[in-house]
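Following: one structure in structure tokens, then a few remarks.
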Amino acid sequence: MNLDTLCVLFREQFSPYLDGALTGHERQAMASHLDGCPACSAEFNDLLELQESLASLGTMKAPADLQARLRGGLSRRGR
Amino acid sequence: MSDLASAIGMASEEAALVAELKAGSERAFALLIAQYSHTVYSVIARSLRDPADAADVTQEVFVKIFRHINGFHCESSLRTWIYRIALHEASNQRRWWSRHKRQELTLDAHQENDEGELFSLGDTLPATGASPYDSCASSQTRQQVEAALRTLPEVFRTVVVLREIEGFGYEEIAEMLNVNLGTVKSRLTRGRAALRQALMTSVPATKSAASPGVSGRLSREGAR
Ligand SMILES: [Zn+2]
């Protein structure tokens with residue numbers, strides 16, 4: 001197996017790696033591949049950075065009167 | 001053991017809330033609204049073509065919850081059930097939107113993504129550099145990520161939002177969307193890759209100081 005094939009296999013695991021969904025052995029293999037492969041390591045760092053940016057977006061701010069509107073909408077309708 | 005105990009505690013708390021909801025308790029609905037309305041609104045707003053419709057759609061979602069709570073028999077968690085309704089309503093609204101508004105749009109102002117969904121570059125991509133003095137680097141980046149997110153096909157955007165922003169696990173997302181685990185995983189992989197791609201193409205090189213990672217990507221791309 002040449003290095004490119006290996007890189008492709010590891011890159012397919014980037015997403016579960018970001019989610020903490022790999023097993024201990026898989027994680028170790030990934031970490032050591034990233035240590036020795038600058039190309040994969042760069043791509044992974046992009047995704048890691050993207051993950052952090054997404055997390056920082058947070059929940060979108062709802063209109064201040066949303067809860068009151070929802071409660072009002074329900075009581076008007078009755079059951 | 002304490003995890004299990006708290007899980008049981010939460011489950012019985014939820015069962016009690018569901019029982020109250022079924023009994024028509026106004027207090028229980030107010031509690032439900034307080035607990036879920038903001039995150040439901042947020043997921044819907046990021047899912048719709050026009051986020052201005054999100055409050056109305058959220059209203060529809062809570063009316064549906066109110067009407068159908070008697071049909072909820074704890075086959076899933078209450079939270080999963082609520083989000084399933086929310087995602088369904090959002091998808092109805094998107095379908096309505098593309099039937100009714102699509103024709104009104106001039107095609108040159110709008111672009112289509114891989115799935116034939118229209119988005120406007122003018123709306124979604126922030127005019128970077130338009131106000132260089134009053135925008136701080138991190139809000140600039142957030143705006144760019146938010147904009148890039150809007151260019152993703154809906155199926156990818158939804159899993160990315162549910163996983164990365166709202167923090168749901170694979171299983172719960174699969175239940176909410178009624179798809180299997182493998183589909184969730186592959187949509188996440190593709191969504192992340194597409195988002196990375198969108199950010200690479202949308203961010204001008206002059207923004208390099210504001211986001212070092214993106215500039216690194218750009219210079220690597222340029223070198224090829
Ligand atoms: Zn590699």
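By convention in this document, chain letters (A, B, ...) are assigned in the order of the sequence lines, proteins followed by strands, and residues within each chain are numbered from 1. Computed from a prediction, not measured in an experiment: that's the story for all the values here.
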Smallest heavy-atom separation, B:Tyr170 atom then A:Ala21 atom, equals CE1-CB, 3.8 Å
Cut-off 4.5 Å, heavy atoms of chain A, and the answer for B:Arg163 is side chain
Considering only heavy atoms from C-beta outward, does the side chain of A:Gln67 approach that of B:His38 to under 4.5 Å? yes
Turns out that what part of B:Ala54 lies under 4.5 Å from chain A's heavy atoms comes down to neither
Okay, B:Val43 and chain A: the region with an atom under 4.5 Å from a heavy atom over there is neither
Any ion pair linking B:Arg192 and A:Asp46 (charged N to carboxylate O, less than 4.0 Å)? no
*Ignoring hydrogens and angles, tell me if any N or O in the side chain of B:Ser42 forms a donor-acceptor pair with the backbone of A:Met60 under 3.5 Å.*
yes
Rounded to the nearest 0.5 angstrom, the OG-CD distance for A:Ser53 and B:Gln144 is 9.5 Å
Most contact-rich option vs chain A, by heavy-atom pairs under 4.5 angstrom, among B:Leu32, B:Leu188, B:Ile165, B:Leu149, is B:Ile165
CD of B:Glu164 to CG of A:Leu18, rounded to nearest 0.5 Å, is 7.0 Å
Nearest heavy-atom approach of A:Leu74 to B:Val63 is CD2-CA, 3.8 Å
Output for pair (A:Leu54 CG, B:Arg142 CZ), nearest 0.5 Å, gives 12.0 Å
Between the CZ atom in A:Arg71 and the CZ atom in B:Phe62, the distance rounded to the nearest 0.5 Å is 11.0 Å
| Would you say A:Glu26 has more than 12 foreign heavy atoms packed within less than 6.0 Å of its CD? | yes
So, the part of A:Leu66 with a heavy atom under 4.5 Å from chain B: the answer is side chain
In terms of heavy-atom contacts, A:Arg69 and B:Ala55 come closest through NH1-CB, 3.4 Å
The reported gap from OG in A:Ser56 to CD in B:Glu146 (rounded to nearest 0.5 angstrom) is 9.5 Å
So, the part of B:Ser186 with a heavy atom under 4.5 Å from chain A: the answer is neither
CG of A:Leu47 to CZ of B:Arg196, rounded to nearest 0.5 Å, is 6.0 Å
